[in-house]
Amino acid sequence: MKALAEPVGTGSVVWEQAVADLWEAGRSARLGDDTIEMLAKPRRSVEVAIPVRTTRAGLRTYEGWRVQHSLTRGPGKGGVRLHPAASLEETKALAMRMTWKCALLDVPYGGAKGAIRCDPAELEDVDRERLIRRYANEIAPVIGPERDILAPDLNTSELDMAWIMDTYAVAAGVNGRGAVTGKPVLIGGAAVRGDATGYGVAKCVVASAQQLGLRTPVRAAVAGMGNVGRAAARTLAEEEGFRITGISDVGGARVAPSFDIGAVLASLEAGAGVADLDDGEPIERDELLTSDCDVLIPAATSNVINEANAPRVRARLIVEGANGPVSGEAESILAAAGVEVVPDLIANGGGVVASHLEALAALQFSGEPASAAFDLVGRRLLSTLAETRAQATELDSSLRHAALMLAVGRVAAAHQLRGLYP
Ligand code: NAD
């Protein structure tokens with residue numbers, strides 16, 4: 001299960017920002033206001049009550065949502081999260097982000113997201129299974145391989161996906177493999193899925209470091225050594241000859257001339273925190289963001305690079321492993337200082353490309369060998385990055401603006417082709 005990697009609970013602010021970003025990108029793509037207005041409305045938002053007979057607290061009724069922002073380019077695709085501050089507005093914003101990500105990466109899906117408002121720490125295992133299964137049963141009529149495909153997100157795991165798949169299978173009278181990705185390998189999950197996001201982040205780092213002409217060996221700091229951060233650090237150190245000079249997690253940070261990443265990962269995987277390691281020198285956790293390095297990879301939470309610390313960032317390149325780690329104000333400060341930011345829409349898209357492979361394998365009852373899947377993730381991200389870079393150069397804009405503009409334009413073009421019924 002994932003730790004709480006992103007602050008949530010600012011639903012309406014997040015939604016308003018997502019809509020404002022859409023208007024800006026839509027205008028750059030020269031879309032009409034009527035088209036932008038249509039794209040700003042989720043196609044379908046389902047709100048469900050989830051009554052659960054809990055072991056300790058008797059009957060509790062939770063709220064949940066599944067939002068399908070767009071189904072124009074393909075079935076919905078997006079995770080489902082558990083959080084005490086989850087809301088419809090936040091879910092809408094996250095579903096919209098999935099639409100843009102799939103369009104930008106040319107994954108043939110729309111965008112969707114699900115959430116249940118609850119404190120997962122308070123749930124006994126048996127209550128959790130009842131909660132997840134009842135939620136899956138309530139949304140079963142609108143999900144499935146042709147409708148909307150779910151995946152893990154904050155506080156949900158591959159076991160939750162197994163329960164969703166099984167509940168959907170019983171409700172729909174089908175096998176159910178194609179209704180979720182991020183499920184256990186034994187029931188059709190893809191081995192590549194776990195490391196695909198971090199691997200893709202690393203590929204974006206390497207291509208952008210070359211583009212900027214950074215001197216080798218390039219020094220990288222990874223803020224947030226979780227699933228994404230670890231896979232990125234491993235790929236950079238073991239396959240690309242980078243030096244990892246800084247690492248952090250929620251409990252602390254360390255710097256070193258060059259970490260032995262194999263040893264660091266072995267300790268972290270055995271349960272140690274970054275603060276417990278012997279390697280390197282301990283520093284304050286957030287000092288890592290302004291430490292001496294060439295590349296910074298924020299791979300934990302949103303808005304960690306903000307107005308306050310952006311002027312002190314020493315890296316030449318930031319590649320967003322997490323969703324939204326660089327605030328809007330920080331991005332302007334960094335741009336003025338000549339720091340390049342590779343946005344999350346591209347950089348952490350390896351997960352959704354790998355999910356597409358998993359969903360395809362489910363439909364074909366076959367599988368892609370892991371090495372071919374990694375190659376495909378790398379190629380797709382790098383071609384998207386090159387295309388976005390060309391667009392940004394033409395517009396004289398940030399990569400983030402160019403990425404959103406391309407994505408929004410693609411979804412609008414698909415709408416145009418399909419036409420409007422009736
Ligand atoms: P994770 O829970 O595995 O890891 C998060 C890590 O960040 C943990 O090591 C935690 O200790 C650390 N952390 C938390 N707060 C921190 C802070 N303030 N400073 C430094 N470290 C901190 O999560 P993950 O799956 O690696 O996801 C990380 C981010 O990437 C999230 O924003 C997530 O939404 C995004 N993302 C993940 C995937 C994926 O495939 N896992 C795909 C796309 C986007």
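No hydrogens, no waters, no symmetry mates; every other heavy atom, side chains included, goes into these values. Both counts, for ligands and for their atoms, begin at 1 and track the order of listing. Computed from a predicted model, the values in this text were never measured in an experiment. Position 1 is the first residue of the sequence; numbering continues from there.
- Nearest-residue assignment for atom 9 (O) of ligand 1 (options Pro152, Gly226, Gly229, Gly194; heavy-atom criterion): Gly226.
- Distances from ligand 1 to the non-hydrogen atoms of Arg230 include no value under 4.0 Å.
- Heavy-atom distances between Gly351 and ligand 1 stay at or above 4.0 Å for every pair.
- For ligand 1, the polar-atom distance check finds an N/O of Val250 within less than 3.5 Å of one of the ligand's N/O atoms.
- Within the 4.0 Å heavy-atom criterion, both parts of Asp249, backbone and side chain, lie near ligand 1.
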- Yes or no on salt bridge (charged side-chain N to carboxylate O under 4.0 Å, His left out) for Asp344 and Arg97, after CA distance, side-chain angles and deciding distance? CA-CA 10 Å; Asp344 48 6; Arg97 175 151 58 180; 3.6 Å; yes
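- At a threshold of 4.5 Å between non-hydrogen side-chain atoms, the residues Trp65 and Lys113 do not count as touching.
- Neither side chain, Asp153 nor Thr156, offers a donor N or O lying under 3.5 Å from an acceptor on the other.
- Those atoms of ligand 1 that come under 4.0 Å of a heavy atom in Thr301, given as number and element, are 15 (N).
- Residue-environment remark: CD (Glu269) exceeds the threshold of 12 foreign heavy atoms within 6.0 Å.
- In the candidate list Gly321, Gly349, Pro325, Gly321 is nearest to atom 36 (N) of ligand 1, counting heavy atoms.
- Ligand 1 has no nitrogen or oxygen under 3.5 angstrom from a nitrogen or oxygen of Asn348.
- Atoms of ligand 1 lying under 4.0 Å from any heavy atom of Gly224, numbered from 1 in the order shown and given with element: 7 (O), 21 (N).
- Heavy atoms of Arg285 found under 4.0 angstrom from ligand 1 belong exclusively to the side chain.
- In this structure, Glu331 pairs ionically with Arg400, as a charged nitrogen and a carboxylate oxygen lie closer than 4.0 Å.
- The distance criterion of under 3.5 Å between nitrogen or oxygen atoms is not met by Lys101 with respect to ligand 1.
- At least one N/O-N/O distance between Val228 and ligand 1 falls below 3.5 Å.
- Remark: ligand 1 and Ala300 share an N or O pair separated by less than 3.5 Å (distance only, no angle test).
- Below 4.0 Å from some heavy atom of Arg193 lie the following atoms of ligand 1, by number and element: 40 (O).
- At a heavy-atom cutoff of 4.0 Å, ligand 1 is contacted by the backbone of Ala299 but not by its side chain.
- Residues Val52 and Leu123 are not in side-chain contact: their nearest non-hydrogen atoms beyond the backbone lie 4.5 Å or more apart.
- Counted within 6.0 Å of CD on Glu146, heavy atoms from surrounding residues, nucleotides or ligands total 12 or fewer; the atom is thus considered open.
- Of the listed residues (Leu268, Thr197, Asp195), the one carrying the non-hydrogen atom nearest atom 38 (C) of ligand 1 is Thr197.
- Between Tyr168 and Leu150, every side-chain heavy-atom pair lies at or beyond the 4.5 Å cut-off.
- Heavy-atom minimum distance, His401 versus Leu395: CD2-CD1, 4.1 Å.
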